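Step one of this worksheet: look at the structure below.
The shown structure was predicted, so the numbers you read here are calculated from the model rather than taken from an experiment. Here is the naming used below: chain letters follow the sequence lines, and residue numbers restart at 1 for every chain.
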Amino acid sequence: AQSVTQLDSQVPVFEEAPVELRCNYSSSVSVYLFWYVQYPNQGLQLLLKYLSGSTLVESINGFEAEFNKSQTSFHLRKPSVHISDTAEYFCAVNTGFQKLVFGTGTRLLVSP
Amino acid sequence: DVKVTQSSRYLVKRTGEKVFLECVQDMDHENMFWYRQDPGLGLRLIYFSYDVKMKEKGDIPEGYSVSREKKERFSLILESASTNQTSMYLCASRTTGTGENSPLHFGNGTRLTVT
């Protein structure tokens with residue numbers, strides 16, 4: 001069965017510093033991978049997704065994630081974070097059968 | 001923009017009550033989902049529906065049921081609420097028009113407290 005592991009429950013960082021949020025998955029078949037973001041008191045929004053092709057995918061707000069098949073990882077990175085990036089970030093894998101499996105989430109805390 | 005609306009932002013119910021959580025989407029999406037979100041556990045799928053009157057159990061369906069009489073509406077029912085069902089409930093929808101990889105669109109959640 002597919003699963004997703006987000007090892008870091010919380011990542012504190014100072015504004016303008018780089019950040020990496022880790023995600024590892026397990027799957028015996030081809031996967032489609034996603035990062036969702038949840039801002040305070042809101043539902044989740046799609047941040048970016050990997051379907052096929054280039055292993056580096058980017059979002060419109062400066063985040064990027066790299067699909068690494070050999071390490072079964074899909075880490076999320078941003079070279080310089082803003083206060084407004086404070087949110088919870090969820091990695092997810094498409095298991096087929098119209099279902100997504102989510103990780104347990106990583107809370108990004110950006111301080112001035 | 002897709003809009004997924006959950007009827008209540010906060011609910012407080014007593015143990016044993018029957019509870020209805022309502023969700024409506026306005027984009028004619030085929031698939032709808034109910035998740036619960038708990039700290040340290042992430043999102044867990046309760047039930048989903050891929051069409052009107054169709055439903056499938058997710059990973060944690062015990063204690064819940066669902067209803068989808070119309071395409072735009074997907075209801076989650078707690079037949080007899082218990083304190084361990086205190087949680088944040090998130091509804092989501094998705095089109096199948098672009099295949100398995102179309103994104104989920106989430107509502108803002110209903111925070112249910114059972115006392």
Side-chain angles (χ1 to χ4, degrees), chain A residues 1-10 21-25 27 29-53 57 59-60 65 67 74 87-109, chain B residues 1-10 21 23-25 29-51 54-61 74 88-111:
Chain A
Q2 288 87 346
S3 68
V4 177
T5 302
Q6 293 181 250
L7 287 173
D8 305 306
S9 59
Q10 191 165 289
L21 307 183
R22 296 179 294 168
C23 173
N24 289 89
Y25 67 92
S27 174
V29 298
S30 298
V31 294
Y32 304 107
L33 295 157
F34 304 80
W35 277 98
Y36 282 81
V37 59
Q38 184 179 33
Y39 297 105
N41 299 313
Q42 295 185 27
L44 280 71
Q45 311 171 27
L46 179 69
L47 188 60
L48 49 77
K49 62 182 177 182
Y50 170 77
L51 305 180
S52 64
V57 290
S59 72
I60 57 172
F67 171 61
F74 190 54
E88 190 155 19
Y89 293 80
F90 292 91
C91 185
V93 61
N94 189 331
T95 69
F97 307 106
Q98 305 176 39
K99 290 167 56 176
L100 279 184
V101 173
F102 286 87
T104 52
T106 298
R107 191 172 297 276
L108 177 62
L109 300 171
Chain B
D1 262 1
V2 176
K3 193 168 177 64
V4 179
T5 303
Q6 294 183 233
S7 56
S8 303
R9 189 78 178 96
Y10 299 96
L21 302 184
C23 175
V24 177
Q25 50 94 4
H29 285 174
E30 295 84 2
N31 297 167
M32 296 188 75
F33 304 79
W34 275 106
Y35 288 87
R36 63 176 283 176
Q37 181 181 9
D38 299 288
L41 296 177
L43 277 73
R44 293 178 291 168
L45 182 63
I46 305 171
Y47 267 96
F48 68 102
S49 167
Y50 49 89
D51 204 348
M54 308 300 284
K55 60 185 179 183
E56 293 285 339
K57 293 181 180 179
D59 301 316
I60 52 164
F74 192 35
M88 171 70 85
Y89 290 88
L90 292 169
C91 175
S93 72
R94 184 180 71 185
T95 181
T96 56
T98 52
E100 286 284 344
N101 309 307
S102 56
L104 291 175
H105 297 268
F106 283 86
N108 285 339
T110 296
R111 187 168 294 281

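We find the OH-CG distance between B/Tyr35 and A/Leu100 to be 5.0 Å, quoted to the nearest 0.5 Å. One finds the CZ atom of B/Arg111 at 8.0 Å from the CG atom of A/Asn41 (value rounded to the nearest 0.5 Å). To the nearest 0.5 Å, the span separating CZ on A/Phe102 from CG on B/Leu90 amounts to 9.0 Å. With values rounded to the nearest 0.5 angstrom, B/Gln37 atom CD is found 11.0 Å from A/Thr104 atom OG1.
For A/Gln38, the part sitting under 4.5 Å from any heavy atom of chain B is the side chain, from C-beta outward, and nothing else. Neither the backbone nor the side chain of B/Asp38 comes within less than 4.5 Å of any heavy atom of chain A.
In this structure, B/Arg44 places its CZ atom where more than 12 heavy-atom neighbours from other residues, nucleotides or ligands lie under 6.0 Å away.
Looking at heavy atoms from C-beta onward, A/Phe34 lies out of side-chain contact with B/Leu104 at the 4.5 angstrom threshold.
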